[in-house]
K.L.:
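Dropping the structure in here first, questions after.
We count ligands from 1, going down the list as the structure has it; atoms in each ligand are counted the same way. Since the structure is predicted, the reported quantities are computational estimates derived from the model, not experimental observations.
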Amino acid sequence: MTCENLGEFIQLLEAKQELLRIKVPVSPCLEITEIADRIAKSEGGGKALLFEQVEGSSFPLLINAFGSSRRIALALGADNLELPGKRLREIMETDIPKKFTDKLRLLEKAFGLARCFPRAVNISQPPCQEVIRRGPEVDLLQLPLLQCWPDDGGKFITLPVVFTKSLLTGKRNAGMYRLQVFDKNTTGMHWHVHKDGAHNFREYEQRGQKMEVAVAIGTDPAVTYAATAPLPPGVDEMLLAGFLRRRPVKMVPAVTVNLEVPAEAEIILEGYIDPRERRLEGPFGDHTGYYSLPDQYPVFHVTALTHRKNAVYSTTVVGRPPMEDCYLALATERLFLPLLTTLWPEIKDYRLPWEGVFHNVALVSIKKEYPGQAHKVMHGLWGSGQMSFCKMLVVVDENIRLDSGRALLREILSRIDLQSDIIVTDGILDALDHSAPQPFFGGKLGVDATGPVAGDPLPRNANFDPVTAAPGTIAQDIKALDPGFGDCRMLFPDLALPLFLISIEKTAQKRGTYFRDLLLKNEILPAGIIVFYDGDIDIHDDSLVMWKAFNNVDPRRDISRQGKLMTIDATRKSEPDGHHRPWPDDLINSAEIKGRVDARWKQYGLPLDCHSSI
Ligand SMILES: Cc1cc2nc3c(=O)[nH]c(=O)nc-3n(C[C@H](O)[C@H](O)[C@H](O)COP(=O)(O)O)c2cc1C
């Protein structure tokens with residue numbers, strides 16, 4: 001079953017017992033974040049939340065609507081997330097029909113596809129324009145805008161579908177880019193430099209022409225998802241939404257700009273961007289779990305705000321995973337597998353572990369047939385669409401399960417040879433990567449953990465003896481080198497290449513390189529991968545150590561190899577480490593808000609088993 005609009009999705013979620021209503025007044029300033037964060041991090045992503053009374057606004061607010069495997073599948077009109085990808089694969093694998101029955105099947109497919117194309121309709125009063133506010137009547141502050149995290153630069157619209165058109169081709173783009181609300185009729189437009197919205201904008205900028213923009217908030221779930229999907233430039237996201245819904249998205253003309261908007265949306269903002277104007281946007285508590293740094297972004301002037309009579313405001317809070325957006329990313333991971341296998345048929349599966357916050361790490365399994373094939377796949381992915389943002393790529397053989405956590409890590413460590421199977425190169429990075437010495441560009445790590453085939457360039461999987469000393473002795477020996485060495489955790493001691501997680505207390509003089517050199521010089525560890533963490537990190541928390549290692553490391557600067565040892569510096573960096581830009585803080589809600597939410601939890605009527613603060 002697919003939904004025509006957000007109202008139908010809310011009904012569906014309610015019918016499936018996937019939605020909880022909060023009837024008491026709640027503040028949009030940090031309180032909703034604290035509640036949503038606890039629910040999102042509870043078993044399986046908790047339920048969707050509908051706040052019926054948001055202080056300072058008459059609009060109800062929906063959050064966490066996509067935040068579980070079941071809800072994201074429902075959003076895409078499927079029972080499970082593998083199905084849309086399977087449908088896509090069937091279309092892509094269509095052969096030239098030979099028999100009459102094949103021809104009929106092809107026709108069926110073609111008609112099915114024809115039904116996916118967005119349809120411009122002429123309705124005298126489309127639902128999204130039941131209420132129309134123009135010019136001076138526009139007041140964005142009437143919306144239940146969230147301040148998500150304590151150090152956010154202001155209030156943000158966090159789940160908007162932003163429509164623009166290419167000046168050169170006239171083709172539509174829909175992308176999700178957050179909007180910081182500056183006042184009643186202007187917002188920031190936070191499209192990253194690599195995104196299609198930013199590309200369209202540069203066309204207007206080059207001609208010195210104002211750019212028209214429309215934003216839909218609260219659409220049917222397939223449209224909202226489609227705006228987040230990494231489609232190739234020029235491919236209309238509304239076509240993907242139509243494919244997922246199995247019926248066209250109805251589009252109507254906006255009232256003040258020459259763009260079409262989804263007829264069934266809850267709320268529409270219309271307006272323009274003057275290419276000469278920029279304003280400081282952020283900081284914003286981002287999906288990396290850190291604040292994204294403030295920067296200059298274009299300004300969106302809102303000329304009309306239209307909405308349904310009983311519009312629901314749809315939003316999300318992002319932060320350290322798992323959060324709602326992880327499930328949007330999961331949908332992309334599953335849906336785009338058939339597209340990746342079209343380009344690289346050897347790819348059998350891939351995963352984007354949540355601790356890698358989508359752009360930092362991809363695990364890929366391949367059917368390997370010839371030497372160097374993993375490297376071919378790595379370089380291909382690093383040159384392809386939004387996979388090109390990926391900082392660390394690990395390639396394994398097709399028989400290795402990518403969702404097996406510790407077992408997967410064991411497989412990788414038992415297969416790689418530090419000299420022949422690791423590549424460090426450079427390339428573009430996601431705008432949110434804070435570890436690289438400069439924005440948008442930095443080191444990349446490729447790990448070829450596939451088994452050897454005849455003709456592989458160097459001896460693979462060199463056999464050397466496992467470390468024989470007990471973990472406790474090693475920890476003591478390391479600590480004796482310098483009081484700055486703290487806790488030490490050894491994983492996989494039975495392997496030739498064990499993993500050591502070590503806390504260090506950096507000082508002005510003693511940086512990561514000091515601890516690294518000390519360890520290497522003293523030859524306490526004969527072989528292994530050593531990861532350094534700041535002293536305040538609990539190195540026994542698996543998710544935390546992965547998240548820090550994936551986020552805080554620039555492979556070019558922070559990874560060193562010497563013989564059978566590799567060190568990775570996952571501490572925070574600053575000038576003395578060769579990092580010449582600000583380093584963002586972790587997202588932590590205020591103690592006051594946590595206390596308030598603790599005290600009110602029963603009033604919200606939410607499950608008691610997820611009320612404790614995180
Ligand atoms: C909740 C959420 C918020 C996002 N916010 C932004 C953002 O502020 N800026 C941005 O460039 N991408 C953001 N993204 C990622 C883009 O939506 C995504 O890369 C999309 O494919 C961009 O579309 P485009 O390729 O058509 O530009 C966000 C994604 C999600 C799920």
K.L.:
Using 30° and 60° as the class limits, which term best fits the ring planes of H287 and F358: parallel, tilted or perpendicular?
P.N.:
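H287 vs F358 ring planes: parallel.
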K.L.:
Going by distance only, is there an N or O of K195 that falls short of 3.5 Å from an N or O of ligand 1?
P.N.:
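Yes.
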K.L.:
Using a heavy-atom cut-off of under 4.0 Å, does the side chain or the backbone of A174 touch ligand 1, or both, or neither?
P.N.:
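Contact part for A174 vs ligand 1: backbone (N, CA, C, O).
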K.L.:
Are K444 and D426 within salt-bridge range, i.e. N to O under 4.0 Å?
P.N.:
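Not counted as a salt bridge, because no side-chain N and carboxylate O are separated by less than 4.0 Å.
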K.L.:
Could you verify whether a donor N or O on one side chain and an acceptor N or O on the other, from K391 and S435, lie under 3.5 Å apart?
P.N.:
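K391 vs S435: donor-acceptor pair found between side chains.
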K.L.:
Can you tell which of I32, I22, V26 makes a side chain to side chain contact (heavy atoms under 4.5 Å, CB included) with V54?
P.N.:
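Single pass found, and it is I32.
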K.L.:
Does A329 approach ligand 1 within less than 4.0 angstrom via side chain, backbone, both or neither, non-hydrogen atoms only?
P.N.:
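A329 to ligand 1: no contact under 4.0 Å from either part.
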K.L.:
CZ of R119: more than 12 outside heavy atoms within 6.0 angstrom?
P.N.:
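No, because the 6.0 Å sphere around CZ of R119 holds 12 heavy atoms or fewer from other groups.
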K.L.:
Checking the N or O distance criterion of under 3.5 Å, is ligand 1 in contact with T158?
P.N.:
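The answer is no, given that T158 and ligand 1 share no N or O pair closer than 3.5 Å.
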K.L.:
Please indicate whether any nitrogen or oxygen in L159 is less than 3.5 Å from any nitrogen or oxygen in ligand 1.
P.N.:
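No.
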K.L.:
Take every heavy atom of E237, measure it against each atom of ligand 1, and state whether any distance is under 4.0 Å.
P.N.:
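Judged by the 4.0 Å heavy-atom criterion, E237 does count as contacting ligand 1.
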K.L.:
Is any N or O atom of Q386, backbone or side chain, closer than 3.5 Å to an N or O atom of ligand 1?
P.N.:
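It does: an N or O of Q386 is found under 3.5 Å from an N or O of ligand 1.
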K.L.:
What is the nearest protein non-hydrogen atom to atom 16 (C) of ligand 1, stated with its residue, atom name and distance?
P.N.:
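Here the nearest protein heavy atom works out to M176 O, 3.5 Å.
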K.L.:
State if A431 counts as touching ligand 1 under the rule of any non-hydrogen atom under 4.0 Å.
P.N.:
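Contact absent.
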K.L.:
In plain terms, say whether R178 and E281 are close enough for a salt bridge, that is, a side-chain N and a carboxylate O under 4.0 Å apart.
P.N.:
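The answer is yes: the pair qualifies as a salt bridge.
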K.L.:
When you look for heavy atoms under 4.0 Å from ligand 1, do you find them on the side chain of N173, its backbone, both, or neither?
P.N.:
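Looking at N173 and ligand 1, just side chain atoms fall under 4.0 Å.
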K.L.:
Within the 4.0 Å heavy-atom shell around A229, which atoms of ligand 1 are there?
P.N.:
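With A229 as reference, the close atoms of ligand 1 come out as 21 (O).
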